[in-house]
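Working notes for the structure below.
Chain letters run A, B, ... following the sequence lines, proteins first, then strands; residues in each count from 1.
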2 protein chains.
Amino acid sequence: MNLADVARRAGVSPATASRALSGHPHVAEVTRARVWEAARALEYVASPEATGLARGTTGRVAVVVPHLARWWFGAALEGLGTVLREGGRDLLLYRLGDAGSRQAFFDELPTRRRADAVVLLGFGVDERERERLDRIGVGIVAAGTRVGSHPSVSIDDHAAGRQAMDHLLHLGHRRIGTIVAADPELDLAQPAGRSSAYRAALADAGITPDPALSVTVTWSPESGARAMGELLGLADPPTAVYAHSDEIALGAVRTLRRAGLRVPEDVSVVGIDDHPLAAMTDLSTVAQPAAEQGELAGRMALAGLAGEPVDPVVTVPTRLVIRGSSGPPQAAGRRWRRS
Amino acid sequence: MNLADVARRAGVSPATASRALSGHPHVAEVTRARVWEAARALEYVASPEATGLARGTTGRVAVVVPHLARWWFGAALEGLGTVLREGGRDLLLYRLGDAGSRQAFFDELPTRRRADAVVLLGFGVDERERERLDRIGVGIVAAGTRVGSHPSVSIDDHAAGRQAMDHLLHLGHRRIGTIVAADPELDLAQPAGRSSAYRAALADAGITPDPALSVTVTWSPESGARAMGELLGLADPPTAVYAHSDEIALGAVRTLRRAGLRVPEDVSVVGIDDHPLAAMTDLSTVAQPAAEQGELAGRMALAGLAGEPVDPVVTVPTRLVIRGSSGPPQAAGRRWRRS
DNA sequence: TTGAAAGCGCTAACAT
DNA sequence: ATGTTAGCGCTTTCAA
């Protein structure tokens, strides 16, 4: 059941069968119909290997992610997958977990021969990696990060951070803590904008940042919980906390509850993402469209492959979602109850 | 920069270069070294298309999922990806969202030519689909579902359900509701065991099930919230609820809180999964190892490809995790507070 | 509009 | 231990 069989059954040469099947012009309508008919009868499926060898392309796009169990990645991948499938490309998934697999990947750059384009999903790269990437000759697009001057989709991290911080400031908070997400091993380009927003918002409000109020942890809920513990241990704990993600924020809320503190009466909490469970847990947050970022990245990759022009930088909007975890600071006495 | 170049630079024939590079026996050590040296110098990467064409294999395994944004899938995919990568196989991801893409997929069964094996992740198939799958000639393994007589890994859904139900019954609950998860469009083989456990546990406790206490919805948190609303609307609402997943359970908790009811004093809730956020929200649940199921499925697929024998059915254990969302039913008066 | 023939980059007998 | 020779299944000039 290969092209030759189809050709024979249709009474034409393999060359004509090939042209008919891949929609080339200059094929008589009757011929084309006969070939398709034969293909259908034989349940013919072209061998991508052979097609690829002959054409010099693979029909695949590689997607690189640092993580899969976190909400943003699943959602973005879902959007990306849908678009690629519509575009007729297969999706090759590379999850580069630890520094080791990461090294190996960039050293041998398997992508070079296995895919026509690569999409980096929330995957920050360092200088050396970017250089290697630049030289592999296939199109590159990023989502959720910026990678050199390659096309990318993402939110404006700084703006998102400002939405969260300004909300807290408007409520009247002056002593605001922040839980910074970073994962030096996995995500070399952490969302610096989310941190700069913290400082800028405080500055605009005339508040001098207290370094003790800023604690850096990984992206997991558990580490969010730990970070909140640190913040609570301070002599003068914050009345509000701005976390870099909802997962971290929910960890923080858990620690607060365990400590017998009320949210938002004693401490307000706001995150970023609008994770599906944020609505369930009544968490105030800054919503970002994850699936949409994946879709856009997919479209950009497809456009690049088609030789069409591609927007170099697209930014998707975020939106403050006020729910029950944020409120005005308590007038007084709050710190006493803690004892 | 292809094999021929490497061979030339090493001063050997392409055949020898091929043997040296792919670790065949009967190659002189010096020759092997020279070839590797040449390959390194040229930054040679073999063309998978050519290798595949010549060898008749692809080096890829296809993974089919109905969903990506739900916790179980991300975690399972992560485990699976790790194992496949260690086994040197690439992972081709197919997310079959709606009935349409599903149809298309099984009709043309692209897998047939694109991968050496397929792993179905939490993907139940119907009769017709199973038949087609049986005929594609590549190895098939399932995780989280059973697919005909193909090898599979999963939890014992019935046992898991019993752990949840027995916990509730031990606490003294007699009027227990259940939120059944199903998605007829995506997941044709819903976890029937989780439902049968509900009935069996009640039967063992001498309780006649009340059909009104069982509501079926999709897997999303939002629908869990809606289902709980229905249950609360009953003339005689349950004192405890067993949900098919944590995501659903968390939706239920949200509805209870909004209704001014306390968890677990007024209503107990238990889920299944041990989602990372379950710990953060103090949800009692039955833990299942998602990443491990992915890993095992990967190993089974790899073993199958290597021609090794594969366990037909492996079951991974679940574990009851009692947290703060479940407790004894309130002695009396509960229903009054509701008004 | 169609066919013949060369070749994409690699592997695997079969020789040597 | 290594080289020669045929393909693997498709696309694509180049001719007709």
Within the distance-only criterion (no hydrogens, no angle test), does the side chain of A:Asn2 pair as donor or acceptor with the backbone N or O of A:Asp5 below 3.5 angstrom?
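The answer is yes, because a donor-acceptor pair under 3.5 Å joins these two groups.
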Closest to the [X] side chain: [options]?
X       : options               : result
A:His26 : C:dT1, C:dG9, D:dA1   : C:dT1
A:Thr31 : C:dC10, D:dG9, C:dT1  : C:dT1
B:Val12 : D:dG3, C:dT2, D:dA1   : D:dG3
A:Ser18 : C:dG9, D:dT2, D:dT12  : D:dT12
A:Arg55 : C:dT1, C:dT11, D:dT11 : D:dT11
B:Ala15 : D:dG9, D:dG3, C:dA4   : D:dG3
B:Tyr44 : C:dT2, D:dT11, C:dC10 : C:dC10
A:Ser47 : C:dC10, D:dG9, C:dG3  : D:dG9

Quick one: is D:dC10 close enough that its OP1 or OP2 comes under 4.0 Å of any side-chain N or O from A:Thr51?
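No, outside the criterion.
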Between [N] atom [atom2] and [X] atom [atom1], what is the distance in whole Å?
X       : N      : atom1 : atom2 : value
B:Asn2  : C:dC8  : CG    : P     : 9 Å
A:Leu53 : D:dT11 : CG    : P     : 11 Å
B:Arg32 : D:dT2  : CZ    : C1'   : 13 Å
B:Met1  : C:dG9  : CE    : C1'   : 13 Å
A:Leu3  : D:dT12 : CG    : P     : 12 Å
B:Glu49 : C:dT11 : CD    : C1'   : 15 Å
B:His24 : C:dT11 : NE2   : C1'   : 8 Å

Of B:Arg146, B:Gln293, B:Gln288, the residue whose pairing with B:Ser154 passes side chain to side chain donor-acceptor pair (under 3.5 Å):
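The single option meeting the side chain to side chain donor-acceptor pair (under 3.5 Å) with B:Ser154 is B:Arg146.
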Between A:Glu129 and A:Asp126, is any pair of side-chain heavy atoms under 4.5 Å apart?
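Sidechains of A:Asp126 and A:Glu129: in contact.
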Would you say that B:Arg19 contacts B:Thr16 through its side chain, given a criterion of any heavy-atom pair below 4.5 Å between the two side chains?
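Yes, at least one pair of side-chain atoms sits under 4.5 Å.
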Consider salt bridge (Lys or Arg N to Asp or Glu O under 4.0 Å). Of B:Arg95, B:Arg114, B:Arg113, which one does A:Asp90 pass it with?
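Single pass found, and it is B:Arg114.
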Let me spell it out: for each of B:Val27 and B:Arg113, pick the nucleotide of DNA chain D with the closest heavy atom. Which residue's pick is nearer the 5' end?
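The residue mapped nearer the 5' terminus is B:Val27.
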Measure distances between side-chain N and O atoms of A:Arg19 and base N and O atoms of C:dG3, and say whether any donor-acceptor pair falls under 3.5 Å.
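Such a pair is found, so the answer is yes.
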